[in-house]
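Before any comments, here is the structure.
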Amino acid sequence: MKIELKNICKTFNKQSNTINNLDMTINDGEFVALVGPSGCGKSTTMLMIAGIYKPTSGNLYFDGQLVNDLEPKDRNIGMVFQSYALYPHMTVLDNIAFPLKQQKVPKEERYERAKNAADMVHLGHLLDRKPSQLSGGQQQRVALARAIVKKPKVLLLDEPMSNLDARLKIEMREEISRIQKELGITAIMVTHDQEEAMTTADRVAIMKEGELIQYSSPMELYNRPKNYFVAQFIGNPPMNFLKSQLAVKDGKCQFYINDTTVDLNNHLPKIKSHNSIKDIYAGIRPYDLKLGQKGDITLDGVVSLVEPTGHSKMVNVKVGDDRIRFFADPLQKIERGSKITLTASISSIHLFDCESGENLTAETIGEGQDNKLVINS
Amino acid sequence: MKIELKNICKTFNKQSNTINNLDMTINDGEFVALVGPSGCGKSTTMLMIAGIYKPTSGNLYFDGQLVNDLEPKDRNIGMVFQSYALYPHMTVLDNIAFPLKQQKVPKEERYERAKNAADMVHLGHLLDRKPSQLSGGQQQRVALARAIVKKPKVLLLDEPMSNLDARLKIEMREEISRIQKELGITAIMVTHDQEEAMTTADRVAIMKEGELIQYSSPMELYNRPKNYFVAQFIGNPPMNFLKSQLAVKDGKCQFYINDTTVDLNNHLPKIKSHNSIKDIYAGIRPYDLKLGQKGDITLDGVVSLVEPTGHSKMVNVKVGDDRIRFFADPLQKIERGSKITLTASISSIHLFDCESGENLTAETIGEGQDNKLVINS
Amino acid sequence: MKKSKFLINGMRKHSLPWLMLAPFLILIVIFFFLPIILIAVNAFTDMDSALQWTFNGIDNFKKMLLDPNMPEILKNTFIYVFFTLAINVLFGLVLGLLTSYFIQKESVGLLFRTIWMLPRISPPVVYVLLWLWFFDPSPYGILNSLRALVDLPPGEWLSSNPKTAIVLANGMIGASFGMIIFSSAIKSIPENLFQAAKVDGASQWSIIQDIIIPAIRWPLMFVTMWQLLSLLTSYEYILLLTGGGPMVESEVLSLYSYHKAFESFEYGYGSAVSLVLVVIALGFSAIIWKVFGMKKMMGTSRVE
Amino acid sequence: QKQSEADAQPADNGVVTISAWSEGAEVTRLTNLEKASEKLNEELKSQGKDIQVKVEPKSFDGGWDQYAKQFMLSAKAGKAPDIYITPHETIGWLADGNYIMPLDELRDSKEYADVFPKLWDAASYNGHIWGALQDNEARPVFYNKNILKDLGWNETEIEELPEKVRRGEFTLDDMTKLAEEVVKQGKAKYGVIHRPVNGADFHYFNYLFGGQLYSEEDNKIVLDKSAVGKQLAYHYELAQKKLLPDKLISMEWKNVHRMVVNGETLFYYGGIWNVFNWGNDNFHDQLGKVDAKWVNENFGMMLVPAAEKGGEPITLSHPFLYTVNAKTKHPDLTKRLLELVADPKLQTEHNLQTFHLPVTERAAEDPEFKTDLTLGNIAYMSEYTTFLPNHEGFTKYSNVFWNSLQAVELGKQTPDQALESMEAQLKVDLGEDLKIVE
Amino acid sequence: MEGIYEPKMEAPKIKTVSKWNARIPYIIAYGTLGITTLPIILMYLWLLMSSFSTQMKHGVIPVEFTLENWRFLWTNVEMVGSVYPSIWTATWNSFVFAGVLTVLEVIIGVMAGYALSRMEFPGRQGIMKMTMMLHAFPSVALLIAVFFILNFMGLFDSLLGVILVKTALQIPMTAWIIKGFFDDVPWDLEWAGLIDGCNRFKVWYTIVIPIIKPGIAAVSIFSFLAGWSEFLLLYTFVLSDDNITLSTYLQKLISDPNLVNYGLLSAVSLFYMIPVLIFFIFTQKSLMQVSAGGGKGV
Ligand SMILES: Nc1ncnc2c1ncn2[C@@H]1O[C@H](COP(=O)(O)OP(=O)(O)OP(=O)(O)O)[C@@H](O)[C@H]1O
Ligand SMILES: Nc1ncnc2c1ncn2[C@@H]1O[C@H](COP(=O)(O)OP(=O)(O)OP(=O)(O)O)[C@@H](O)[C@H]1O
Ligand SMILES: [Mg+2]
Ligand SMILES: [Mg+2]
C-alpha cells in the first residue's frame, strides 16, 4: 500500500501545530524509519496514519485513495503502540489472537497462528499469562506479535523494540524485515536506535517539531545531512562541530579550524555572494578523526575524558573552546589531560551555516567522499 | 548507601524462582548497570531493592542494616519505573514535586526545585500538562525528573532512557552520572543499551533467568566474558561464534577453525585432562575481524548481507555452516555473494566449552590482549 | 470505497453516541422527564383524591408560606441532610479506603463490606424495627433490658433525640452506598501508582490524599451529589422510624410532601412542595458542581 | 327482582365476574362474598336466568394509603374492582371523587333492616348511603384484674366494673384516680397506656367531652375548642401525673403489648382484636402466647367511662363497608350480592375469625357468636359506639391533633398552647373545610 | 540540581521506628472498622438468634431453640385465617424481577455511560446535568405523574410498565457511576482495539467493558437490590396478585402493625436478605479482581 501524506497538520490545543504541513510518501512495500527528537510528533503522525487521530487539515491517501475518514478497522493496519496497549483482561494468547478474531479467522487456525507469532517473539511459554504478569520486554513482544499476526497491509511500529535487549532486538528486527519483505508490507517504524533505523529502513524520515526535515536513504542521511540539525542528530556518537568562519573571496573559499586554514578547492554553489565572511560550523564525525597528522587538517587538543565502549575507546578532547569526540583503538594508551593531535581528511568535513543551519558543503564534496574512495579501493 | 543482596529468592507462582539465590553487593556511591535478556528478573530485583516486593527468602541490607521489612517510603529511594507510573491526575510539575512534598519541603522551594529538575530534562515548557498529553519520551523524562528531584540515597533506574532519542539519551546519561557522582548516590540502572551500560557504570551485573552470571567492570566483561552466555550477550553486534574442536595432547592445545589449525602456545589451565577432544565455540568479535590475510588465522566465506550503519558497513558472511559478521569500511566495495577472506589475531579469540558454556581461554590469553598491545604502542 | 461510503461512515460516527444513548434517553424522557413536567404543572392545581386537574394559581405556594410548621421542617431538612450526607460521604469513604486499600486481604475486606451492606439489604421495615427494638424507651427495649440487668432505669436513648436517630439510621445505610462505589473505584487504580508513591516516600495519608482522592474524584462528586439529592427527597426510613414525630421534630420536606400527597391526598400541594424541594436541590447541586469542577471531569474523546 | 334489565348482556357463557378488593389479613370479607355469590347463583338459577356470578377477590397487603391510592389509579385507568372494601371514613373522598355509587336502597332491603341504627351514620355522607355495612368493632378499655385484686378489690367488684361504667357511675376521673393510686402504691408501673401511634382511639374523648368533629350541614370538619381543650388536658394530666410510660408515643407496638400483657399497667385503651394479637406472638414473658381464655381471666373490658357522673360512656368503632364502583357494569347483581353477604351466618364467621362485632341484630343473636368468650361479653358496646367523620379532611385534622397530643404528653406545650397551635395549623391545612366551634 | 546534599539518615534507628510507624495506620484502620462495625454485627446477630428462639430473655438471650419461625420454608404459613402463598414462588418472582432489572440497567447504563464518558457530541454535559437533576424530584411525587404516563401508554397494570419505570428511575445513577469508571480506561487500549479491527461499538464491549468490571460490580449490586426490594411501584402499578415478590410477602406480615409475628418476621427477613447477600458476594468476588496493570497507559 502506498501511503501519501499531503500537507497534513495536526493541532491539539488550537494554538500551535503539533504536526506542521507534513508531506511524505511511503511507497508500496517500503520500510521507512521515522526518527526525531522526543516530542517531535512521530507518534502523532503514526496515529494519524492509523486513523485514530484525524488530521486537522491536509489529506491522507492510501494507494491514491483519500482515507481521511476511513475507520481504523478498515485500514488493515498492524500497530505496536509506544505504550504497548495490551488488553489487560486477556491472556497473552488471546491478546495476540485478537486481531484474527476480528477477521473472523476460525478458532483453531486463529490460535495456531497466534501461537506461531508468540513463538516468533519467544513467548511460547507464557501464553496463559495476563499482561500484568509479564516483564516490560515481554509485554512489548506481545504487542509486536499482535501487530504482525494478522499480516496487515501496513505495519506501524512505534518504538517496537525499545525495551528489548540487544540480542533480541537484532533478532526481532531481522524477523520483522523478513516478514515485511516476504509479504510486501508497507512499514513505518519509529525508533531511537539509529543503527536500527539505518540497517532496517529503505528510507529514513527525520522530523523536528512537527516538520519533516529530511527524507532519504540511510547513507545519504549520514553522508549528506541536509542541515545542521540532521547532522548533529544522526550518528552515534554525534558529529563533532567546531565553530569556524568561512571566507569567500573572488570565488575562492577558505575556512579556519584550530589555527589551520583550509582551502576549499571545490566550488561552493550554495553561497551566492562572491565576497563574504560567514560564521559556520565545521562538522566531523568521530569515526573520521584519527590520531596523528597525516590527514588534510589537524587538530590539537587535550584529552578530557576516556570512555571504554568495548571494541574501542571513546575519547573526549577539548579543542579550543569546542569539545569533540573520537574513537581510539582500545589498546592505545590515552590518558586524561594529555595533549594529542588529531587529523581528518577534508572530504569528511561538513560545513553548516551558523544561522540557517543549512549544509553549505558543495555537492561534489559530499559525493567526492563516496567517489574518491570507491575509486581507491 | 551500600546495598547487599544475600541469597535473595523471589517467586511469583510458587513453582519456580523468578529470582534465584541472588548475591550481590553494590558499594556506596557505586553506579551499577543491570543487564540481561528480557524477562530475566531485572525489574523484579529493582522492585525488591525498592521495597515494593518482599523477597521470598534471603536478606537485603542497606549499609549493613537488614531492611527486608523497611517500608519503601523510608528507604529514601528515587526510582524510574519501567512503566513510568506517572500520576495521571497531576500536572508534570506536581508529578515532579511529589517526592519533595512527601519530604515536607516548603511549597516555594519545592516548585523551584521541581522546575529545575524539569528544565534539566527539557520539559520546562510543559509543566502544566497532564501525563496523558505528553509524548512517550516526555513521559519518561518526567519519571526521570521525579526520581532525581529529591536527591535520594539510592537511585533505581529501570530502563530510564529507552524512549529517548540518541542525543537526549547521551545528555541525560551524562546528567545522571554527574548528579550521581556529585551527591554520592548509589545507583542501579537497568538498560538494554550496552554502550550506556559500558560507559556509565562502574560495574555491570549480568543476569540470566534470575541468576547473576557475571558482575564486573565493563572492560572485564567485554574482554573476559565468564562464559558463552556473557560473550554472546555483551557486544553489539554480538560476538561471532564458530563451532570448532579443541584437542589437548600432551599439554599442547590445538583447535580447528575453517580448515586452519591453530596452535595455542599459551597453556589452558581450565582443562584438567591432558588428552582430550572437546567441542567448543570459538568466538571473535566483529570488530576484531578484518578483511585480508595478515592475521594469525584466516576465514574464507561468502557475503550474505551488507548493512550500512553510517560510519561503516556491517557485513554478514557465511563461513562454513556458521554466520559471522564484521565491519568493513563504508567505502569498501563488498557485494552480496562475493567471496572474501577475513583474518583475526589469535589473541582476540575466545574459546567456550560447548556443553557448560564456560570460558576456556587461559587467563593469559585474555590478559595478553591488553598487555601485548599496550607494549606495542 | 466510494464517496457515499464515507458519507455513511461519517454519519455513523456521529450517530453512534446517540445510538448508545437512545435507550437511556427514551426511558428517561418518557418515565422521568415527562412526569416531571406533569408534576410542575400539577403544583399549580389543587388535585386531590379525585385526580382532577383544576388550576388554582399559586395557592399551594401561599399555603406553604403560611404553614406554621414550615420553618421547623426546613430547619430539620437542612440538619438531617447535612449530617447524614457527612456520614454517608465521609464515612463511606473511610469504609471504602479501609476495606479496599488498607486491608489488602481481599477476603477480609469483603467480609467487612458485606457486614456493612446488611443494613442496606435488609427490608427497610425490618431494619427500622431493629432500631426501634434496640432503642425503645420502654423497659422492653433491648438496650433497656440490658440496663435492667444491672439495675439501671430505662434510658430514653434516641426517643428524645429523633433527629439523631434519623441521621444515624440513614447514615448507616447511606455509608454503604459510598463504600461500594468508592471501593470499586479504588480497586481500579493501577497498582503501579501506589508503588511509585511509596517509592516517592508518600505516607499512607499522602497516598490517600494525593493518589486515591484525585483518582476517585468523579465517584466522590457523584456520591455527594446523588446522596444529597437522595436525602433531600427520601423519606422512607424517617417515615418508618419516627413518622416525622414527635410532633414535627423530625419531619423533613420530602416526608411532608409525602404526608400531604399520600396521607391526605393533596396531590397538587404535594407536588408544590416537591417543586420547592427541587429548587433547593438544584441550588445545592450547582454549588457541588462548582466545587468539584464537573466541567473539567468531562474529558474529550481521543478517538477522532 | 330487578337486576334483570341492567345486567342484560352477561359475559361469555353467562358468567359474570364481579371483582372485589380488600386489604389486610381479614380475608373473610372476601370469602364471604364468594359464599354469597353461591347463594346468588342459586337464586338466579331458580329465577331461570342463564347467569352465573363469579367473585374475583384480591387482597392487598400494603398500607391503607397505598390501598386507597391504588384504587384511585385503577379507577382512573378503568380497572377498578366492582366492590371496594374500605373503612367507612374514606367514603367522603370516594363519593366526592365520583368513585362509588350511592346505595340508598340497601337501607330498605330486608337484609339490612335490622342494622344497629347508629351504624348507618358510618355509611352516610352528604345525605346518602355509600356502602353496605360489613362489620363493626369495639375499642374497650382493658383493665388488669390482678392489679385490682392486689389493690384489695374483691372478685365481684372487679367483675362489676364494666357495668358500673356502663351506668355512668365510674367516670373518667375515677379511672384516673384509681390509676394514680395503683401507681402510687407500686402495684403497677403504669396507670394507663394508650396506643403509641396515631389512630382513631383518641377521638372518642372528643365525643366524650361533648364535642363534635364534623358538621353535617356545612360538610365541614369541626374544631370544637372546648372539647379538644379538655381532651388535651386529659392527656396532659395523665402525663404530668406519670401515669403513662415516659415517651409512650415513640414506643414500638410490640413493647406496648408486652407491657400490657405482663401486667405493667392497670388500664389500656385497646381494641378487641388485641385479644387475638396476644395469642399470636410471644408477648408474655413466661407464658409466651396467651389465649382468649387467659385474657378473659386476667383482663376485664369496659367502655370508656363517662366524663361526669351519670354521663354516657362511649366507645368508637370503625366499621368496614362494601362500596360499589360507580362505573361497575353490573350494578344490580353487585347490589344483590351485597344484600346476600349480610347473612348472619357469614357475619358470624367473619366476627369470630377476626374479632369483630356484627352489624345486624340477627347476627348479634347468632348463638355461636353469643357464646364466644370475648365477643359475647362486649357485643353490647355497639350501642354506645361512635364514628369518625367521613369527610376527606379528617386525616389532616387527625394528624394535627396527634401532633398536639404528643406536645402535651411530652410536656412541651400546655394544653392551651397546644390548642392554639392546633387551631393555627388547621386553618392552614383545611382552609375552607374547617369550622371552629368555641 | 544545585545545593549540597547532606547525607543523614541514622541507620540504626530505621527499622524499629518504621516498623511501628508502619503498623499504626493499620491498627487505627482495624480499630475504626471493628468499633463501628460492632453495632451492626450485634444487631444482626440478635436478629438471627431471635429467629431461632421462641423468646429472648432480657431481650437478648435466646431461651429456647425453635425452627417454628422458619416453617415458611417447608409449609405455607397460615395466619389469622389466611394462608400465605409459598415463599418459593415469591422468591422466584423477586429473582426474575431483580434479574431482569439488573440486566436491563447494566446494559443500558453501561452503554449510556460510555457515550457520556468517551464520545464527543453536542449536549453531553447537558445530558449529564439533566439526568442528575431529575433525581432531585422525589420519586413519590413522581408516582402520580408516572401513572398518567403509564395509563396513557396502556402499560398500567403490566409488569413491563413497572420494569421500565423502575429502570428509568435507576438508570441515571448507573450511567453516572459507570461514566466515572470509563473515564479512567487508558485510551491506548481503545486505539489498539480499533486498529485490530473493531469498530467503536465492538471495542466498547470486548475491551473497555471487561476493564471496568469493578464499576459493573458496584452498579449491579445496587440495581439488583433495587429490584429485589421494590414494592411501591409493583404495588401501585400492578393489580394482579400473581406477581407476589418477597417484598410483598414481607409486607403481608406487617400490613397490620398489630398482627405482626415478630419471630416469623425475623426469619423471613433473614431469608429475604440471603439472596442479595449471595449476589453481593458473588459480584464482588468475580468482578472486583481487576486485571488492569502493566503497560504504560495513556
Ligand atoms: N506478577 C507476576 N506474576 C508472575 N510472573 C511475573 C510477574 N511479574 C514478572 N513475572 C515474571 O518474572 C520474570 C522476571 O520479570 P522482570 O519484570 O523482572 O523481568 P525484566 O528482567 O525486568 O525483563 P524486561 O527487560 O523485559 O523488563 C519474567 O519472566 C516475568 O514473566
Ligand atoms: N493529547 C495531547 N494533548 C496535547 N499535546 C499533546 C497530546 N499528545 C501529544 N502532545 C504533544 O504533541 C507533541 C508530539 O507528540 P508525539 O507523541 O507525537 O511525540 P513523539 O515524537 O512520539 O515523541 P516520543 O519520541 O517522545 O514518543 C509532543 O510535544 C506532545 O507533548
Ligand atoms: Mg512517541
Ligand atoms: Mg523490566
Side-chain angles (χ1 to χ4, degrees), chain A residues 43 46-54 70-92 94-105 129-136 138-140 142-143 146-147 149-150 152 154-156 158-159 162-163, chain E residues 106 110 113-115 117-122 178 180-220 282-298:
Chain A
S43 301
M46 300 282 260
L47 289 173
M48 279 192 292
I49 295 173
I52 301 289
Y53 287 160
K54 298 266 167 290
L70 190 65
E71 301 246 339
K73 73 178 170 74
D74 300 324
R75 297 190 183 199
N76 198 359
I77 279 176
M79 180 161 179
V80 173
F81 287 85
Q82 197 170 4
S83 56
Y84 321 153
L86 302 183
Y87 309 125
H89 57 291
M90 295 182 197
T91 61
V92 167
D94 286 330
N95 259 288
I96 299 176
F98 189 78
L100 298 178
K101 194 171 166 193
Q102 301 318 312
Q103 295 184 333
K104 310 246 182 313
V105 175
R129 292 259 188 97
K130 292 276 175 69
S132 61
Q133 298 172 316
L134 297 179
S135 80
Q138 288 164 343
Q139 290 179 12
Q140 197 164 34
V142 177
R146 186 179 64 183
V149 73
K150 71 168 171 184
V154 178
L155 194 56
L156 302 176
D158 199 346
E159 307 190 21
S162 57
N163 283 36
Chain E
V106 168
V110 169
Y114 181 73
S117 163
R118 311 202 123 215
M119 291 177 148
E120 205 105 35
F121 57 92
I178 285 293
F181 283 88
F182 277 127
D183 283 349
D184 289 337
V185 176
W187 277 97
D188 59 351
L189 295 183
E190 209 163 319
W191 295 345
L194 289 175
I195 283 171
D196 286 345
C198 300
N199 55 28
R200 200 74 200 276
F201 191 72
K202 198 154 188 199
V203 164
W204 167 71
Y205 72 78
T206 50
I207 293 169
V208 187
I209 287 193
I211 295 170
I212 59 149
K213 281 192 313 185
I216 292 178
V219 296
S220 58
F282 172 76
T283 47
Q284 291 276 306
K285 279 210 152 154
S286 62
L287 297 179
M288 289 291 267
Q289 292 153 348
V290 196
S291 40
K296 295 172 179 173
V298 264

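A, B, ... follow the sequence lines: proteins, then strands. Residue 1 opens every chain.
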Do E/R200 and A/E71 pass the salt bridge (Lys or Arg N to Asp or Glu O under 4.0 Å) test, and can you show the C-alpha distance, the side-chain angles, and the key distance before you say yes or no? CA-CA 9 Å; E/R200 200 74 200 276; A/E71 301 246 339; over 6 Å; no
Let me know if A/L86 has heavy atoms under 4.5 Å from chain E in its side chain, its backbone, both or neither. backbone
A/L134, part contacting chain E, at a heavy-atom distance under 4.5 Å: neither
Determine whether the side chains of E/D188 and A/Y84 contain a donor N or O and an acceptor N or O closer than 3.5 Å. no
Of the listed A/Q103, A/R146, A/Q133, the one with the largest count of heavy-atom pairs under 4.5 Å with chain E is A/R146
Taking ring pair (Phe, Tyr, Trp, His ring centres under 6.0 Å) as the test, write out the residues that go with A/Y87, two or more places apart. A/F98
For E/K202, all residues meeting side-chain hydrogen bond (donor to acceptor under 3.5 Å, both in side chains), sequence neighbours excluded: A/Q102
